[in-house]
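Please read all numbers here as calculations on a predicted model, not as lab measurements. Every number for a ligand or one of its atoms is a count from 1 in the order of the listing.
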Amino acid sequence: MSVDYDVIVIGAGIAGLSAAATLQRGGKRTLLLEGHNVPGGAATSFVRGRFEFEVSLHQLGGIGGPGPLRAVLDEMDAMRKLQFVEDDELYRTVVPGILDVTVPADWQGAVEVIDAHYPGNRTKLTRFLEIVREVGLWQLAARANLHKMKEQAEWLSGLPNVRRYGLRSYRQVLDEFFVDERVKFVLSSYWSYNGQLPSRMSFMDMSRLLTIFMETKPYQIIGGSQALSSAMLDSFLAAGGEARFNTSAEKILTRSGTVTGVRLDSGESVASKLVVSNAPSLSTYRRMLDPADVPASVLRDLRSRRLGPSVALLYLGLDAPAADLGLTSATNFLTADLDERSVARGMRSLEPTPFLLASCYDIKPTGFAPVGASQVVLASMQYAAPWEALSDEEYAEAKTTFADSQLNLLKAIAPGVRDVIEEAEVATPLTIKRYLSQPGGSIYGFDQDVTDSWLFREDDLKPSVPGLFLIGNWTTAGGYQSAIVTAARLCKRLLAT
Ligand SMILES: Cc1cc2nc3c(=O)[nH]c(=O)nc-3n(C[C@H](O)[C@H](O)[C@H](O)COP(=O)(O)OP(=O)(O)OC[C@H]3O[C@@H](n4cnc5c(N)ncnc54)[C@H](O)[C@@H]3O)c2cc1C
């Protein structure tokens, strides 16, 4: 075996970068391995013509106030290298011919706006959002202290709303408070940020999402998520870390069931008693380890999980400023009707899409599009299965037809977009599966519905294979804040042991 490291981190997604920077800065000699030629995994950008496209980040929470993400980025000295632009609103949500509401990113403002659209709900809205905030803040604090679950249980007993509502579906709690379906719809629009529709997402998970964005505001990053990834890599390298790109980990090596190092795709073996894997748990356990080293309980657990949703995307470079197109908000949710069953069906079929998130990165310029132009990304949540069933020819056609249906839905807020398309790139669940090596192209890891969330699973300091720790999408709630913060927390605890 070649040189010895204190830790090897497999994968330079945002979780791997966060782990590597935390460990190296904490004094561990760390090797970071990445199969691709750039850092970031999903947190990156690509160039077409005169546009640089953001791959994945729609809104970043956790920046505009004290909170764990800001603290982690500060500690690794990445924060001061980044510039952020605050979105003016939380989101605009539109059901053509039925509703069009722009929700501000503050609790009282949201009450005012929703009550102005649907009078008579003020008291209930105020009470509902108070509970959302209480439960959301509890979850954020609880996740920081999962290793002290006993104390959490005692604390929980003093929070009746967490006990009463936390594990019910978001939809059930909405039904308890409101009669008007439009009010419920407006309050549910962030469902796609966790990939679960309101009847399947736990109240506590939606509360966490809303609380993060209301309390710390939604932001864009100048230079996009690639700037964030590069800032974390710089922090790692500046502390003396070593990164190897275009280098995949093929095998995690063990002796008597305990980790001893990693074999690379070049055939070289590198020694280390500690491996932190940012690769999906399915490939870490099923492909990279010797089956004899994986406890039956882990395999059973993996079999019990379902792959989470992926997404079909249309990246558009437009030869017109956002304002000329009628776009007023950075984040726009468009849905064909109020019935969530339509969206549930749409996520598992290639029918014209009933839902999309349209992100415009130039409401306040982020530098992605040239002056006078704009970048819009249309994202529709989709499971991979219908795409996987297609032949090559059918696939090429389905991509165009699906993108066309996204443009049709977009017409409701930006009717002139088709006339100014300069660049268009389609990505499907299969693209994400191929480029990011994510099973099912899943963007948040396993399906995390009300029966199967982080609360029942996250147990990060008890490795199933001695010396191996897992981070990232497949071990936590998914999303930027969660991936970065959870990886840093785990590594800090490793440093302390
Ligand atoms: C299109 C899209 C839109 C999204 N929108 C949002 C959003 O708006 N807000 C939000 O919070 N989240 C969003 N997400 C989710 C968010 O991007 C992810 O939760 C997060 O980036 C996951 O980070 P990660 O480090 O766990 O995984 P990844 O980004 O997948 O990184 C894993 C890395 O490990 C590398 N790797 C894997 N196996 C090996 C190996 N054997 N050897 C070496 N390297 C390996 C991969 O190449 C990759 O670089 C989106 C994701 C996508 C794809």
Side-chain angles (χ1 to χ4, degrees), residues 8-20 31-46 53-62 69 91 190 192-195 209 212-213 218-221 224-225 228-229 232-233 243-252 262-265 275-284 287-289 308-315 330-331 357 359 377-382 427-429 431-439 441-445 448 470-487:
I8 298 172
V9 176
I10 299 172
I14 44 175
L17 289 163
S18 170
L31 173 66
L32 175 62
L33 302 171
E34 170 54 51
H36 280 297
N37 57 355
V38 284
T44 183
S45 60
F46 66 93
F53 287 103
E54 167 62 56
V55 166
S56 66
L57 183 61
H58 299 282
Q59 288 179 301
L60 186 65
L69 178 61
Y91 52 75
Y190 263 160
S192 63
Y193 280 17
N194 158 290
L209 278 173
I212 286 172
F213 285 110
Y219 278 81
Q220 310 292 330
I221 308 174
S225 59
L228 173 65
S229 301
M232 288 197 282
L233 178 67
R244 295 197 205 171
F245 290 92
N246 296 310
T247 305
S248 287
E250 223 169 54
K251 269 274 172 251
I252 296 170
V262 169
R263 193 173 75 226
L264 313 181
D265 53 359
V275 168
V276 175
S277 177
N278 183 200
S281 55
L282 289 167
S283 32
T284 303
R287 224 182 50 224
M288 291 160 75
L289 279 161
S310 185
V311 65
L313 301 132
L314 176 58
Y315 297 92
T331 297
L357 158 59
S359 294
V377 178
L378 310 182
S380 301
M381 300 304 289
Q382 284 266 291
T428 72
T431 321
I432 293 165
K433 194 173 161 180
R434 195 167 56 243
Y435 279 107
L436 295 175
S437 313
Q438 297 289 352
S442 170
I443 64 170
Y444 305 122
Q448 294 176 52
L470 273 71
I471 52 169
N473 255 355
W474 298 83
T475 59
T476 180
Y480 273 73
Q481 163 139 333
S482 183
I484 294 173
V485 170
T486 312

[X]: numbered ligand 1 atoms lying under 4.0 Å from its heavy atoms:
X: Val311; answer: 1 (C)
X: Gly41; answer: 29 (O), 31 (O), 48 (C), 49 (O)
X: Gly472; answer: 26 (O)
X: Gly479; answer: 10 (C), 11 (O), 12 (N), 19 (O)
X: His36; answer: 47 (O)

I need the nearest protein heavy-atom contact for [atom]: residue, atom name and distance, please.
atom: atom 15 (C) of ligand 1; value: Ile443 O, 3.4 Å
atom: atom 33 (C) of ligand 1; value: Gly13 N, 3.6 Å
atom: atom 26 (O) of ligand 1; value: Asn473 N, 2.9 Å
atom: atom 24 (P) of ligand 1; value: Asn278 ND2, 3.5 Å
atom: atom 49 (O) of ligand 1; value: Glu34 OE1, 2.7 Å
atom: atom 14 (N) of ligand 1; value: Tyr444 CE2, 3.9 Å
atom: atom 38 (N) of ligand 1; value: Ala279 CB, 3.4 Å

| request: Can you sort out the partners of Tyr435 under ring-ring contact (aromatic ring centres under 6.0 Å, His included), two or more places apart, ordered by chain and number? | output: none
| request: Report the C-alpha distance between Met288 and Ile10 in whole Å, list the side-chain angles of each, state the deciding distance to 0.1 Å, and finish with yes or no for side-chain contact (heavy atoms from CB on, under 4.5 Å). | output: CA-CA 11 Å; Met288 291 160 75; Ile10 299 172; 3.5 Å; yes
Are [X] and ligand 1 in contact, using a heavy-atom cut-off of under 4.0 Å?
X: Ala249; answer: yes
X: Val55; answer: yes
X: Thr247; answer: yes

Distance-only, no hydrogens or angles: does the [X] side chain make a donor-acceptor pair with backbone N or O of [Y] under 3.5 Å?
X: Lys251; Y: Asp265; answer: no
X: Ser442; Y: Pro439; answer: no
X: Tyr315; Y: Val55; answer: yes
X: Glu34; Y: Ala12; answer: yes
X: Gln438; Y: Ile443; answer: no
X: Ser229; Y: Ala43; answer: yes
X: Gln220; Y: His58; answer: yes
X: Thr247; Y: Gly35; answer: no
X: Thr44; Y: Gly41; answer: no
X: Thr476; Y: Gly472; answer: no

| field | Worked verdict on Leu313 versus Ile432 for side-chain contact (heavy atoms from CB on, under 4.5 Å) | value | CA-CA 10 Å; Leu313 301 132; Ile432 293 165; 4.2 Å; yes
Do any nitrogen or oxygen atoms of [X] lie less than 3.5 angstrom from nitrogen or oxygen atoms of ligand 1?
X: His58; answer: yes
X: Tyr315; answer: no
X: Ala42; answer: yes
X: Tyr480; answer: yes
X: Pro280; answer: no
X: Gly35; answer: yes
X: Ala15; answer: yes

Region of [X] that comes within reach of ligand 1 [heavy atoms, distance under 4.0 Å]:
X: Tyr193; value: neither
X: Ile14; value: both
X: Ser56; value: both

| task | Could you check which of Ser482, Gly40, Ala477, Gly11 puts a non-hydrogen atom nearest to atom 34 (O) of ligand 1? | result | Gly11
| field | Nearest option to atom 30 (O) of ligand 1, as decided by whichever heavy atom of Arg287, Gln438, Gln59, Met381 sits closest | value | Gln438
| field | Test side chain to side chain contact (heavy atoms under 4.5 Å, CB included) applied to Ala243 - qualifying residues, sequence neighbours left out | value | Leu32, Leu233, Phe236, Leu237, Phe245
| query | Are Tyr91 and Phe213 close enough that their ring centers fall under 6.0 Å? | reply | no
| Donor-acceptor pair between Ser56 and Tyr480 side chains, under 3.5 angstrom | yes
